[in-house]
Amino acid sequence: MTAPRVRFAPSPTGYLHVGGARTALFNWLFARKTGGVFVLRIEDTDRERSTDEHTRVILEGLAWLGITWDEGPYFQGAAVDRHRADAERLLAAGKAYRCFCTKEELDAQRAEAERHKSAFRYDRRCRRLPPDEVRARLERGVPFTLRLVMPDEELAWDDAVHGRISFQGRDLDDFVILRSDGSPIYNMAVVSDDIAMRITHVIRGDDHISNTPKQIAIYRALGAEPPVFAHVPMINGPDGKKLSKRHGATAVGEYQDKGILPAAMRNFLALLGWSPGGDREILSERELIELFSLEGIQKKSAVFDVTKLEWMNGEYLKTLPADELLPPVLRQLERMGVDPRGRDLRPIIDTVKARSRTILHVADQVAVRLDASRVRLDEKADQLVRKMGDGFEASLALAAEALAALPPSAWAPEPLLAALQEVAARHGKKLGDVMQPIRVALTGSTVSEPVNELLVVVGRDESLARLGAFRRAA
RNA sequence: GGCCCCAUCGUCUAACGGUUAGGACACCACUCUUUCAAGGUGGGAACAGGGGUUCGACUCCCCUUGGGGCUACCA
């Protein structure tokens, strides 16, 4: 058994979709697991919609996820001569024929069939054209496409995730393999490339199941052995429908911008439609490779659950040292227009990351501690203020007074805690009733590091200023 | 319409003929911490329906229902 060769073949007509990323990931995991070769092929034969920008973004997205390719990127557009040659070999062998029907004629027939609610199938009239008629049209320069002679036989394969899938050739069209301008149609190009690249396993989306019998027909006509096919399920939005813009972010770049870590994204995507069995959830790249197998792939389509992704990201955030978080956080702060003023942010990041789910969230919290103008009451904080009513104000006033009376030298975690405990005790309040208003006034949130530490992070003057400002605003 | 694929908690999933159908996210309680989060404990929550096969079906077969994909001189 020679080493497997797999490929990921996106078309650069859009950004790297999470579904595409997951397909790429499965191919990559399979290659790494089996010691195989991962080929990247850009299917840019749709000239109208393909752009270099999209290609760049797709490559960047893969790199971000840590998906490295061993060969390529190859560009399908560069191989049209071979695609055409393969199609013409089929013509010469009588496995394909020239079709002189125009697009307009075919569209009319299709519309007619539509009206009768019956299935449109090309009637294969050009297949029966006498040779001299063909010659005559050729001489007249009538444009033609090449169509495959669809054999009336079973076109089946043992899918690595679905088991046996079978189609009947008679249900399929003599589909076009070469356009009238000589350019190849998708299925022709794919098969030609997969043969030329000696691809052994085609791991791709479920939506290609219906292309597979057509491709098998081409393999047979070309006298080539088809690869192993593994059709992985689709990823849907929360409503069970195909993931689209209205479901929110669908491009991996958007998750990168959102502050999702590549390791978390990779882990999450791997578990969408695949399971190692058992209860494992947080898996390192190493474990993923070790455990991966096509048998573990689910047949059913999956719903993309952003909440769980963010939870998982939070798990990764916790284990990541502040040193590694610093650069992305600084970048985000810059985007937000917050100047760290040379402060070492790592201690702040360290306390804040345990309470965060995304890098964006970390940066937000750092910003709030650095810059009073970033303080905004969130929903829960707002509820708390309303719920406590006058008590909120009163508690804040007592605390502010006690804190202001503290000498600057006492502005450290221990003395601050002692002072606040004293305030609570003196007024018969629970410590939380004193702490929580301070937390809200300082950060706008009900969640933060312990308040005495928060006061130190924000600093004496700034803390007192925020407490005062909050009371005036309220 | 035709062809094909799919079906376990709201979501991701485990189970590969014998389990009180397990875990995770989310949600709700309680708990720990004289403050937050995290943590800990507990709770509600699923085998789409109907027929078979079998001593025994979530697991195998068939039908129904419900989702999805494809049906181009797009990829």
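First the proteins, then the strands, lettered A, B, ... as listed; each starts at 1.
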Does [X] come within less than 4.0 Å of [Y], counting only side-chain N to carboxylate O?
X	Y	value
A:Asp159	A:Arg164	no
A:Arg125	A:Asp123	yes
A:Arg41	A:Glu43	yes
A:Arg369	A:Glu462	no
A:Lys299	A:Asp206	no
A:Glu422	A:Arg426	yes
A:Asp107	A:Lys103	yes

Describe the nucleic acid contact of [X] in one word from base, sugar-phosphate, nothing, applying a heavy-atom distance below 4.0 Å.
X	result
A:Gln298	sugar-phosphate
A:Gly205	nothing
A:Arg357	sugar-phosphate

A:Phe304 or A:Phe167: which one's nearest nucleotide on RNA chain B is closer to the 5' end?
->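 Its nearest nucleotide lies further toward 5', so the answer is A:Phe167.
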With distance as the sole criterion, do the side chain of A:Lys308 and the base of B:A24 form a donor-acceptor contact below 3.5 Å?
->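 Answer yes: a donor N or O sits under 3.5 Å from an acceptor.
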When you get a sec, tell me which of [options] is the closest nucleotide to the side chain of [X]?
X	options	answer
A:Ile209	B:C4, B:A7, B:G23	B:C4
A:Lys241	B:G22, B:C12, B:G68	B:G68
A:Lys299	B:A26, B:C6, B:U13	B:C6

Watson-Crick/G-U partner (both atom distances under 3.5 Å) of [N]:
N	result
B:A37	none
B:C74	none
B:U59	none
B:C25	B:G10

Over 60° means perpendicular and under 30° means parallel, so classify the ring planes of A:His162 and A:His231, tilted if in between.
->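 It falls in the tilted class, 30° to 60°.
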Kindly assign one of parallel, tilted or perpendicular to the pair A:Phe26 and A:Phe292, based on the angle between their ring planes and the thresholds 30° and 60°.
->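 Tilted: the ring planes of A:Phe26 and A:Phe292 meet at 30° to 60°.
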Below 4.0 angstrom from OP1 or OP2 of B:A14, is there any side-chain N or O of A:Ser275?
->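 Yes, within the criterion.
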Euclidean distance, atom [atom1] of residue [X] to atom [atom2] of [N] [Å, nearest integer]:
X	N	atom1	atom2	value
A:Met312	B:A26	CE	C1'	14 Å
A:Lys300	B:C47	NZ	P	13 Å
A:Glu295	B:A14	CD	P	13 Å
A:Gln215	B:C3	CD	P	22 Å
A:Phe229	B:C5	CZ	C1'	16 Å
A:Asp239	B:G67	CG	C1'	12 Å
A:Glu281	B:G23	CD	P	12 Å
A:His162	B:G69	NE2	P	14 Å

Taking atom [atom1] in both [N] and [M], what distance in whole Å separates the two?
N	M	atom1	answer
B:A24	B:U33	C1'	26 Å
B:A21	B:U8	C1'	8 Å
B:G43	B:A37	P	23 Å
B:C16	B:C60	C1'	12 Å
B:G44	B:C63	C1'	35 Å
B:A57	B:A38	P	45 Å
B:C9	B:C27	C1'	13 Å
B:A46	B:G23	P	14 Å

Could you check A:Phe268 against A:Phe304 for ring-ring contact (aromatic ring centres under 6.0 Å, His included), going step by step and ending with a plain yes or no?
-> CA-CA 10 Å; A:Phe268 179 74; A:Phe304 193 85; 5.4 Å; yes
Reading nucleotides 70-75 of chain B from 5' to 3' and marking B where a protein heavy atom lies under 4.0 Å of the base, S where only the sugar-phosphate is that close, and - otherwise, the string is S-SBBB
What string of B, S and - do you get for nucleotides 29-42 of chain B, 5' to 3', if B is base contact, S is sugar-phosphate-only contact and - is no contact with any protein heavy atom under 4.0 Å?
-> -----BBBBS----
A:Asp433 and A:His427: CA distance, side-chain angles, deciding distance, side chain to side chain donor-acceptor pair (under 3.5 Å) verdict | CA-CA 11 Å; A:Asp433 290 338; A:His427 296 89; over 6 Å; no
Examine distances only and state if a side-chain atom of A:Lys353 and a backbone atom of A:Leu320 form a donor-acceptor pair shorter than 3.5 Å.
->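 Yes, the answer is positive, given that a donor and an acceptor are paired below the 3.5 Å cut-off.
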